[in-house]
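By convention here, the first residue in the shown sequence is residue 1. Note: hydrogens, waters and symmetry copies are ignored here, and every other heavy atom, side chains too, is used.
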Amino acid sequence: MKGAGGTSGGIGSFFIGLIMMCGGFYMLLNAIKITSSFGMGHSLYRMGGMNLTSGMIMIPFMFGVGLMFYNAKNIFGWILTFGSLVALIFGVISSINFRFSHMSAFELIVILVLSVGGLGIFLRSLKTIDSNSLS
């Protein structure tokens with residue numbers, strides 16, 4: 001009978017590593033708090049002395065969509081629409097702030113040991129163990 005991934009690495013260490021890794025990464029992602037400053041009045045980009053807001057990016061988007069519906073072969077409409085969408089997506093992503101919640105050093109060590117240790121055990125279970133190298 002083969003182990004995890006068709007190797008002799010062991011099914012038990014596969015599941016132990018998987019459970020540890022899932023628990024550690026869950027605790028890590030649960031400790032991250034995400035805030036955003038995105039809105040129609042907030043500045044996405046700064047060009048020179050002028051702030052470019054998300055509402056200002058929607059204006060060329062609307063014209064691009066209008067040009068696309070008027071004439072689907074109009075390349076300027078396609079460029080305007082997708083350029084505005086790309087700028088809006090980058091603006092939303094750049095306005096996201098990540099921060100860790102307050103935790104003790106013990107909680108951080110438990111999270112790191114579970115996630116990285118579980119990943120190591122999980123990956124070791126997928127490796128073929130040579131019986132000659134054990135002695």
For residues Ile121 and Val116: do they belong to one hydrophobic cluster (side chain heavy atoms under 4.5 Å, members Ile, Leu, Val, Met, Phe, Trp, Tyr)? no
Only pairs under 3.5 Å count here: list side-chain donor-acceptor contacts from residues 15-23, not counting sequence neighbours, and write none if there are none.
none

Same cluster (ILVMFWY, side-chain, under 4.5 Å), Leu85 and Leu80: no
Is Met62 linked to Leu88 within one hydrophobic cluster, defined over Ile, Leu, Val, Met, Phe, Trp and Tyr using a side-chain heavy-atom separation of less than 4.5 Å? no
Which residues share a side-chain contact (heavy atoms from CB on, under 4.5 Å) with Leu112, sequence neighbours left out: Leu108
Chi angles and distances behind the side chain to side chain contact (heavy atoms under 4.5 Å, CB included) call for Ile96, Ile34: CA-CA 7 Å; Ile96 294 175; Ile34 299 172; 3.5 Å; yes
Going by the rule ring-ring contact (aromatic ring centres under 6.0 Å, His included), which residues pair with Phe82 if we only count those two or more places apart in sequence or in a different chain? Trp78
Which other residues end up in the same hydrophobic cluster as Ile109, if Ile, Leu, Val, Met, Phe, Trp and Tyr are linked when side-chain heavy atoms come under 4.5 Å apart? Val113
Distance-only criterion, 3.5 Å: show the donor-acceptor pairs between side-chain atoms of residues 65-75 and protein atoms not counting sequence neighbours.
from  : atom 1 : to    : atom 2 : distance (Å)
Asn71 : OD1    : Lys73 : N      : 3.2
Asn74 : OD1    : Phe76 : N      : 3.1

Give the table of side-chain donor-acceptor pairs shorter than 3.5 Å for residues 24-33, with sequence neighbours excluded, one pair per line with atom names and distance.
none

Checking Phe61 now: which residues fulfil ring-ring contact (aromatic ring centres under 6.0 Å, His included) with it, not counting sequence neighbours? none
In terms of hydrophobic clusters joined by side-chain contacts under 4.5 Å, are Ile57 and Phe63 together? no
